[in-house]
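Count residues from 1 along the sequence. Owing to the predicted nature of the structure, the values given are computational and were not obtained by experimental measurement.
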Amino acid sequence: QVQLAESGGREVQIGGSLTLSCAASGLTFSRSAMGWFRQAPGKEREFVAGINWSGYGTFYGDSVEDRFTISRDNAKMTVYLQMNSLELEDTAIYYCAAKLRLVWQSGDVDYWGQGTQVTVSS
């Protein structure tokens, strides 16, 4: 049974930083592309970042590029999302996603996490 467990979400002030983690189990993590999505109230789920199986090859949504960094530790079966210069518009539930493929840019998401809430406040 595949499980993706996000953690690290909390309230943070504008301009602050936060790192989310997603611990995976039940899949061959080192051969899976991983990613993050988010969904704000009343909005559709939005792509945030993706990373290939090796860690070489990262992809970002337009609204977070240059502020967010995705990384992974295959030995720990964990993917991270470092978020800097947080804005009010970054407030959302952040979801971890796994693709049973080597590269993020191919195929659909196969598994989703339950999500972790990030709230940016003034």
Side-chain angles (χ1 to χ4, degrees):
Q1 181 180 358
V2 175
Q3 290 189 327
L4 303 176
E6 302 98 333
S7 61
R10 61 176 175 85
E11 183 171 355
V12 62
Q13 291 192 326
I14 292 176
S17 297
L18 194 62
T19 299
L20 304 181
S21 300
C22 171
S25 61
L27 77 168
T28 306
F29 184 82
S30 61
R31 296 187 64 78
S32 299
M34 301 296 296
W36 291 93
F37 289 75
R38 68 186 182 186
Q39 188 166 18
K43 295 188 177 181
E44 293 188 353
R45 191 170 293 191
E46 172 190 22
F47 169 69
V48 175
I51 187 167
N52 291 345
W53 67 279
S54 64
Y56 295 100
T58 55
F59 311 91
Y60 297 94
D62 291 340
S63 62
V64 306
E65 197 158 16
D66 299 329
R67 298 188 298 122
F68 290 10
T69 301
I70 188 171
S71 61
R72 64 189 295 158
D73 185 331
N74 285 350
K76 295 183 178 179
M77 296 182 64
T78 300
V79 61
Y80 305 96
L81 184 68
Q82 172 69 42
M83 305 185 291
N84 297 325
S85 302
L86 284 162
E87 304 169 352
L88 291 176
E89 293 74 20
D90 295 317
T91 294
I93 299 174
Y94 283 72
Y95 296 92
C96 181
K99 294 185 180 182
L100 301 182
R101 299 174 182 270
L102 296 178
V103 295
W104 178 258
Q105 296 290 61
S106 66
D108 297 324
V109 173
D110 293 291
Y111 297 101
W112 295 94
Q114 293 297 308
T116 187
Q117 177 71 48
V118 173
T119 301
V120 183
S121 62
S122 56

field: Set of residues satisfying salt bridge (Lys or Arg N to Asp or Glu O under 4.0 Å) with respect to Glu11, sequence neighbours excluded
entry: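 Expected list: none.
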Is there a continuous path of hydrophobic side-chain contacts, each under 4.5 Å between heavy atoms, that joins [X] to [Y]?
| X | Y | result |
| --- | --- | --- |
| Ile93 | Val12 | no |
| Val2 | Trp112 | no |
| Val48 | Tyr95 | no |
| Ile51 | Leu27 | yes |
| Tyr80 | Phe68 | no |

query: What do you reckon, is CZ of Arg10 surrounded by more than 12 foreign heavy atoms closer than 6.0 Å?
result: yes
Ignoring hydrogens, what is the shortest heavy-atom contact between [X] and [Y]? Give both atom names and the distance.
| X | Y | result |
| --- | --- | --- |
| Leu81 | Ala49 | CD1-CB, 4.1 Å |
| Thr78 | Ala23 | OG1-CA, 4.0 Å |
| Ser122 | Ile14 | CB-CD1, 3.8 Å |
| Glu46 | Ser63 | OE2-OG, 3.0 Å |
| Leu102 | Ala33 | O-CB, 4.0 Å |
| Gly35 | Ile70 | CA-CD1, 4.1 Å |

Roughly how far apart are [X] [atom1] and [Y] [atom2], rounded to 0.5 Å?
| X | Y | atom1 | atom2 | value |
| --- | --- | --- | --- | --- |
| Asn74 | Trp53 | CG | CH2 | 8.0 Å |
| Met83 | Thr69 | CE | OG1 | 11.0 Å |
| Cys22 | Arg72 | SG | CZ | 10.0 Å |

field: Sequence-distant partners of Arg101, side-chain hydrogen bond (donor to acceptor under 3.5 Å, both in side chains), two or more places apart
entry: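 Listed in chain order: nothing, the list is empty.
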query: Does Ser17 have any side-chain hydrogen bond (donor to acceptor under 3.5 Å, both in side chains) partners at least two apart in sequence or in another chain, and if so, which?
result: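 Ser17 satisfies side-chain hydrogen bond (donor to acceptor under 3.5 Å, both in side chains) with Asn84 only.
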field: Under 3.5 Å: donor-acceptor pair, side chain of Glu6, backbone of Gln114
entry: yes
task: Please report the C-alpha distance between Leu4 and Met34 in whole Å, then the side-chain angles of each, then the deciding distance to 0.1 Å, and finally whether the side chain to side chain contact (heavy atoms under 4.5 Å, CB included) criterion is met.
output: CA-CA 10 Å; Leu4 303 176; Met34 301 296 296; 4.0 Å; yes
query: With a 4.5 Å heavy-atom cut-off, do Gln117 and Thr91 have their side chains touching?
result: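 They are in side-chain contact.
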query: Can you find a pair of side-chain heavy atoms, one from Asp90 and one from Arg38, that are under 4.5 Å apart?
result: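 Counting from C-beta outward, Asp90 and Arg38 do come under 4.5 Å.
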- prompt: Within 45° of the six-membered ring axis of Tyr60 and under 6.0 Å from that ring's centre, is NZ or CZ of Arg67 located there?
  reply: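 No, cation not above the ring by the 6.0 Å, 45° rule.
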message: Against Phe47, only a single residue in Tyr94, Trp36, Trp104 fulfils ring-ring contact (aromatic ring centres under 6.0 Å, His included); can you say which?
response: Trp104
